[in-house]
Each structure stands twice: as structure tokens, then as C-alpha cells.
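Here the structure comes first, spelled out in C-alpha cells, and everything after it is commentary.
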Amino acid sequence: MKLELHVKEGQHSEAATGVGWSSAEELITCGEDHKMKKSGQSLDEMAEIVDLGNAFTPTKFSWLTSASTGSKKTGKDLFAVGSAEGHFKLISNSGRIETSVN
């Protein structure tokens with residue numbers, strides 16, 4: 001199976017270094033342009049989630065999905081982002097940096 005995506009607007013200006021799917025069925029990417037971006041189901045446009053700054057070059061990220069108990073959802077979806085500089089951040093799906101570890 002081959003998946004080929006063509007993003008018309010908002011793509012990374014440098015190489016994308018990580019990609020994943022959120023629980024809300026959004027495509028999330030991080031790149032060497034120091035940004036994290038997301039795209040909805042149409043995949044036509046990518047919107048910036050957060051600019052991580054020039055001192056943080058993301059290389060990989062992993063989802064930490066919220067726990068569910070019955071019909072109630074506890075917590076929120078976060079992702080852990082590692083950098084080439086040896087740091088990591090916990091970031092919410094809305095782009096808020098929850099924790100930074102240097």
C-alpha cells in the first residue's frame with residue numbers, strides 16, 4: 001500500500017522529522033524548521049501548533065493519550081517531543097508547552 005499526500009498550504013519549510021496521528025484523526029508533524037503542525041482529515045492545509053524556537057530542533061515525538069474510565073475521559077492528550085540538543089518537551093494537542101526538560 002502506498003500513501004501519497006500533497007499539502008497545498010502550510011507545509012514545513014525544512015525536512016519533516018516526525019509524523020503521527022492524533023486521537024482526533026489529525027496528522028501531526030514536527031520538522032527541522034522548529035515547528036509542529038497539524039492537518040485535519042482533508043490534508044489540504046497544515047496549521048502551526050507551536051513554534052519550538054531556534055534552540056530546539058525536534059527529531060521525534062510520541063503520543064501520550066489520555067486515560068478513559070467508562071464514559072469519562074480523564075486528562076488530555078499530550079505528546080513528548082525530543083530534540084537534537086538532548087532536551088524534551090510535553091506539549092498538549094492545542095500547542096501549550098506543559099513541561100520542558102533541559
Side-chain angles (χ1 to χ4, degrees):
M1 184 171 114
K2 181 178 178 182
L3 175 64
E4 191 172 319
L5 303 174
H6 298 279
V7 177
K8 296 176 184 170
E9 297 291 327
Q11 63 191 7
H12 286 281
S13 60
E14 295 186 36
T17 56
V19 64
W21 290 103
S22 75
S23 59
E25 296 184 12
E26 298 169 312
L27 179 72
I28 308 291
T29 62
C30 62
E32 289 182 357
D33 57 0
H34 312 284
K35 296 179 180 176
M36 298 208 62
K37 298 188 174 207
K38 69 179 172 181
S39 178
Q41 291 180 348
S42 69
L43 300 175
D44 286 341
E45 279 186 32
M46 297 204 78
E48 185 175 311
I49 298 173
V50 64
D51 186 337
L52 298 165
N54 290 336
F56 192 94
T57 306
T59 56
K60 171 107 172 102
F61 73 93
S62 293
W63 282 102
L64 307 169
T65 57
S66 60
S68 295
T69 55
S71 62
K72 291 185 178 181
K73 192 174 183 181
T74 59
K76 56 187 163 189
D77 289 346
L78 295 173
F79 43 92
V81 184
S83 76
E85 295 81 17
H87 311 297
F88 74 90
K89 297 180 185 288
L90 296 179
I91 302 173
S92 70
N93 193 20
S94 66
R96 180 172 179 231
I97 298 173
E98 302 289 335
T99 304
S100 291
V101 177
N102 296 323

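In what follows, residues are counted from 1 in the order of the sequence shown. What's counted below: heavy atoms across the whole structure, side chains too, no hydrogens, waters or symmetry copies. These numbers come from a predicted model, not from an experiment.
- Annotation: side-chain contact (heavy atoms from CB on, under 4.5 Å) contacts of Ser94 (sequence neighbours excluded): Ser92, Arg96.
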Just distance, no hydrogens or angles: give the donor-acceptor pairs under 3.5 Å from side chains in residues 46-58, sequence neighbours left out.
unit_1, atom_1, unit_2, atom_2, d
Asp51, OD1, Gly53, N, 3.0
Thr57, OG1, Glu85, OE2, 3.1

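- Listed for the Trp63 side chain is a donor-acceptor partner under 3.5 Å among the backbone atoms of Trp21.
- Residues passing the salt bridge (charged side-chain N to carboxylate O under 4.0 Å, His left out) test with Lys89: none are found, sequence neighbours excluded.
- The only option from Lys37, His12, Gln11 that meets the side-chain hydrogen bond (donor to acceptor under 3.5 Å, both in side chains) definition with Thr29 turns out to be His12.
- Considering only residues two or more places apart in sequence or on other chains, Ser62 meets the side-chain contact (heavy atoms from CB on, under 4.5 Å) condition with Lys60.
- A 4.5 Å side-chain heavy-atom check between Thr17 and Glu32 finds at least one atom pair inside the cut-off.
- Residue Cys30 comes nearest to Phe61 through the heavy atom pair SG-CD2, 3.6 Å, listed as atom of the first residue, atom of the second, then distance.
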Candidate pair Ile91 and Thr99, rule side chain to side chain contact (heavy atoms under 4.5 Å, CB included), full reasoning: CA-CA 7 Å; Ile91 302 173; Thr99 304; over 6 Å; no

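- Ala80 pairs by the side-chain contact (heavy atoms from CB on, under 4.5 Å) definition with Leu64, Leu90, not counting sequence neighbours.
- Summarising the geometry of Asn102 relative to His87, their closest heavy-atom pair is CA-ND1, 3.1 Å, with the distance given to 0.1 Å.
- Distance check: Ile28 CD1 to Met36 CE gives 7.0 Å after rounding to the nearest 0.5 Å.
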